Amino acid sequence: MAHWLIKSEPSAYSWPQFVKDKKTSWTGVRNAQAAMNLKAMKPGDRCFFYHSNEGKEIVGVAEVVKAAYPDATDETGRFVTVDVKAVEAVKKPVTLAAIKAEPRLKDFGLVRQSRLSVVPVADAQWALILKMAAG
DNA sequence: GCCAACGTTGGC
DNA sequence: GCCAACGTTGGC
């Protein structure tokens with residue numbers, strides 16, 4: 001099972017909204033590399049839900065429930081979306097500052113390529129961040 | 001096919 | 001609000 005991190009600006013789509021919806025289609029990704037990551041997702045894969053801009057922290061865990069399919073909101077037909085469901089909020093949000101302060105996370109995609117909105121998370125990174133989020 | 005100009009994202 | 005990083009566009 002692979003792990004990922006998906007970003008959203010709370011003003012656009014926040015974690016509380018996601019929890020309320022229970023499930024959502026992750027549309028709006030318009031970046032080739034992020035789209036590649038979406039295509040690599042499989043049902044059952046888990047994702048960190050990260051609030052960019054406001055908060056700048058991992059606030060919850062989501063699970064992929066449907067593999068990539070064409071994003072109907074994309075007129076060019078080039079991009080895809082996946083369906084994800086909310087699993088649970090983390091006990092303690094993991095801030096970007098905390099991630100940057102952790103030497104073992106210096107290669108984390110979130111830090112290395114800050115503009116990418118769908119980032120792969122290595123197993124060791126996933127486990128470590130989960131531990132940090134357990135509080 | 002190169003590269004300058006421009007737009008967008010996201011951290012600070 | 002600014003700026004760095006990076007992607008995209010369009011002229012040549």
Side-chain angles (χ1 to χ4, degrees):
Chain A
M1 183 171 67
H3 298 106
W4 311 91
L5 178 142
I6 54 181
K7 275 188 206 174
S8 183
E9 292 190 36
S11 60
Y13 193 76
S14 67
W15 172 259
Q17 183 64 46
F18 184 34
V19 169
K20 212 168 121 194
D21 292 347
K22 293 194 176 71
K23 186 184 135 174
T24 192
S25 180
W26 205 255
T27 56
V29 172
R30 297 292 181 270
N31 171 282
Q33 205 179 339
M36 270 184 50
N37 290 332
L38 286 182
K39 284 178 188 168
M41 287 185 183
K42 293 194 173 58
D45 284 359
R46 296 226 156 168
C47 317
F48 286 130
F49 190 108
Y50 176 80
H51 275 169
S52 64
N53 265 318
E54 284 170 61
K56 283 170 289 182
E57 58 194 10
I58 292 168
V59 289
V61 175
E63 183 175 316
V64 177
V65 290
K66 187 175 175 187
Y69 59 97
D71 183 346
T73 68
D74 171 32
E75 290 164 11
T76 70
R78 283 184 295 168
F79 295 103
V80 296
T81 181
V82 297
D83 289 355
V84 288
K85 71 172 182 186
V87 175
E88 60 182 359
V90 295
K91 280 206 185 98
K92 193 176 117 190
V94 179
T95 64
L96 182 64
I99 288 167
K100 284 190 165 173
E102 171 52 70
R104 284 172 290 173
L105 292 176
K106 71 172 168 39
D107 288 329
F108 190 22
L110 183 67
V111 181
R112 281 216 343 244
Q113 223 183 326
S114 66
R115 284 188 54 202
L116 189 58
S117 58
V118 183
V119 183
V121 182
D123 289 346
Q125 294 167 348
W126 179 267
L128 180 57
I129 294 167
L130 266 192
K131 204 174 287 181
M132 291 163 74

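Keep in mind that this is a model prediction, so the values were computed, not measured. In what follows, chains are A, B, ... by sequence order, proteins preceding strands, each numbered from 1.
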**Atom-pair distance (CZ on A:R115; P on B:dG7), nearest Å** = 14 Å

**Asked** Which pair of non-hydrogen atoms, one from A:A68 and one from A:L38, has the smallest distance, and what is that distance?
**Response**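 Looks like CB-O, 3.7 Å.
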
**Request:** Using the side chain to side chain contact (heavy atoms under 4.5 Å, CB included) rule, take A:K7 and A:V29 through it: C-alpha gap first, then chi angles, then the decisive distance, then the call.
**Result:** CA-CA 10 Å; A:K7 275 188 206 174; A:V29 172; over 6 Å; no

**Message:** Without decimals, in angstroms, what is the distance between A:Q33 CD and C:dA5 P?
**Reply:**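 One finds 17 Å between P of C:dA5 and CD of A:Q33, rounded.
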
**Given C:dG7, B:dC12, B:dG10, the nucleotide with the shortest approach to the side chain of A:E9** = B:dG10

**Message:** Just the rounded figure in Å: distance from C1' of C:dG7 to CE of A:M36.
**Reply:**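 So the CE-C1' distance, A:M36 to C:dG7, works out to 15 Å.
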
**Request:** Look at the side-chain N and O atoms of A:Y50 and state whether any lies under 4.0 Å from the OP1 or OP2 oxygen of B:dT9.
**Result:** no

**Prompt:** Between atom CD1 in A:I58 and atom C1' in B:dG10, what is the gap in whole Å?
**Reply:**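 Interatomic distance, CD1 of A:I58 to C1' of B:dG10: 15 Å.
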
**Item:** Atom-pair distance (CD on A:Q113; C1' on C:dA5), nearest Å
**Value:**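 One finds 9 Å between C1' of C:dA5 and CD of A:Q113, rounded.
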
**Nucleotide of B:dC12, B:dG10, C:dC6 approaching A:N53 most closely (side-chain heavy atoms)** =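 The answer is B:dG10, which lies nearest to the side chain.
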
**Request:** Starting from P on B:dG11, measure out to CZ on A:F108 and report it in whole angstrom.
**Result:**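 In whole Å, B:dG11 P and A:F108 CZ are 12 Å from each other.
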
**Request:** Using atom CG of A:L116 as one end and atom C1' of C:dT8 as the other, report the distance to the nearest whole Å.
**Result:** 16 Å

**Separation of C:dG1 C1' from A:E54 CD (nearest whole Å)** =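 Spelled out: CD on A:E54 to C1' on C:dG1 is 16 Å.
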
**Message:** I'd like to know if the side chain of A:S8 and the backbone of A:Y13 have a donor-acceptor N/O pair within less than 3.5 Å.
**Reply:**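 Yes: the side chain of A:S8 pairs with the backbone of A:Y13.
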
**Prompt:** Between A:K56 and B:dT9, is there a side-chain N or O to OP1/OP2 distance below 4.0 Å?
**Reply:** no

**Prompt:** Do the side chain of A:K100 and the main chain of A:V111 share a donor and acceptor less than 3.5 angstrom apart?
**Reply:** no

